[in-house]
Each structure stands twice: as structure tokens, then as C-alpha cells.
Amino acid sequence: LTTSVIDPEPVTPKISSIVDADNFTRDLYLGLIGDDVRALQMWLNGHGYTISATGPGSSGNETNYFGKLTQSALIKFQKESGISPTAGYFGPKTRAAISAR
């Protein structure tokens, strides 16, 4: 008797399982470069705070550069989360809000 095994469709993990919000350890701000910036962009894109609809910064094309588009998406998150000031600076208040989600 032979059994045929069919490979299941690959499962794409949700962005929240790729980006662990508890791993953000430093403040992030305009002009900064790093893998944590890419992780922040992934988190924002994955939670409805789109960096860009297409090209650099868009979902699947996140970059390691914290530019104006990242800042704008972060400000939107901060406003909707009641974080003040809403300056687009990723500090302790914003880290706590992201970790709570």
C-alpha cells in the first residue's frame, strides 16, 4: 500500500507573530537607521498604520530608515492611542502602547 502525501499550502505568518513588540528597546526617531526601524514599519503596516501603499515602506517592502512616512504613520497611531505629544517620536509611551496591543 502506498500513501501519497500532498504538501499543504505554505502558511504566511501574521505580521504580529514576526514582529514582537516587546523587543523594541530603544527610542526611534526621524533619520534613524536600524533593523528595529524596519520592525516598527512592519508593525505599523500590519496594524493598519500604512507607511506607504507601494514602494519603499509598503507592506513587504519595509526599510531600515525612519523617514517622514514612518513618522506620519506613527503620529496617526499616537493620535488614535491618545499618546501625547503626537510628535512621531517612538519613546517609552509609544513602546508601552504597542506592547499592550
Side-chain angles (χ1 to χ4, degrees):
L1 201 198
T2 56
T3 311
S4 173
V5 177
I6 299 173
D7 289 336
E9 288 294 316
V11 177
T12 304
K14 290 185 178 181
I15 201 77
S16 59
S17 66
I18 297 171
V19 180
D20 184 358
D22 293 328
N23 288 335
F24 292 114
T25 58
R26 69 175 177 155
D27 292 358
L28 304 176
Y29 47 87
L30 191 62
L32 198 64
I33 295 172
D35 288 336
D36 46 0
V37 173
R38 183 184 319 272
L40 175 60
Q41 288 183 1
M42 291 172 71
W43 191 94
L44 289 166
N45 280 334
H47 288 84
Y49 304 97
T50 305
I51 306 296
S52 177
T54 61
S58 64
S59 184
N61 295 302
E62 289 86 357
T63 71
N64 65 352
Y65 178 69
F66 194 123
K68 290 283 191 182
L69 296 176
T70 304
Q71 185 180 46
S72 294
L74 186 58
I75 287 171
K76 182 179 177 188
F77 168 75
Q78 289 173 329
K79 285 180 180 177
E80 290 181 11
S81 299
I83 296 169
S84 180
T86 55
Y89 179 87
F90 185 78
K93 290 179 186 178
T94 308
R95 273 198 304 279
I98 283 179
S99 290
R101 284 202 167 190

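Residue numbers count from 1 along this sequence. Computed from a prediction, not measured in an experiment: that's the story for all the values here. Just the heavy atoms: all of them, side chains too, but no hydrogens, waters or symmetry mates, feed the values below.
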(message) Tell me if the OH atom of Y89 is crowded by more than 12 foreign heavy atoms within 6.0 Å.
(response)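 Enclosed: over 12 neighbouring heavy atoms sit under 6.0 Å from OH of Y89.
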(request) Grab the two heavy atoms, one from Q41 and one from T70, that are nearest each other, plus how far apart they are. (result) NE2-OG1, 2.8 Å
(message) Under a 3.5 Å distance rule, please check whether T50 uses its side chain to pair with a backbone N or O of S52 as donor and acceptor.
(response)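 No; zero donor-acceptor contacts below 3.5 Å.
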(request) Check for a donor-acceptor pair, side chain of N45 on one end and backbone N or O of G57 on the other, with a separation under 3.5 Å. (result) yes
If I take atom [atom1] from residue [X] and atom [atom2] from residue [Y], how far apart are they, to the nearest 0.5 angstrom?
{"X": "K76", "Y": "I51", "atom1": "NZ", "atom2": "CD1", "value": "10.5 Å"}
{"X": "L74", "Y": "Y29", "atom1": "CG", "atom2": "OH", "value": "14.0 Å"}
{"X": "S72", "Y": "L30", "atom1": "OG", "atom2": "CG", "value": "9.5 Å"}
{"X": "F24", "Y": "I98", "atom1": "CZ", "atom2": "CD1", "value": "5.5 Å"}

(request) Check whether any side-chain heavy atom of D27 lies under 4.5 Å from a side-chain heavy atom of R95, and answer yes or no. (result) yes
(request) Please examine the side chains of L40 and D36, heavy atoms only from C-beta on, and report whether any two atoms are closer than 4.5 Å. (result) no
(request) For I83, enumerate each residue passing the side chain to side chain contact (heavy atoms under 4.5 Å, CB included) test, keeping only those at least two apart in sequence or located in another chain. (result) F77, Q78, S81, K93, T94, A97
(request) With sequence neighbours left out, write down each residue that passes side chain to side chain contact (heavy atoms under 4.5 Å, CB included) with Y65, or none if nothing qualifies. (result) I33, T63
(request) Indicate if Y49 and I75 have the same hydrophobic cluster label, given that clusters are the connected sets of ILVMFWY residues with side-chain heavy-atom separations under 4.5 angstrom. (result)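 No; I75 is not reachable from Y49 via cluster members.
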(request) Could you list the residues that satisfy ring-ring contact (aromatic ring centres under 6.0 Å, His included) with F66, not counting sequence neighbours? (result) none
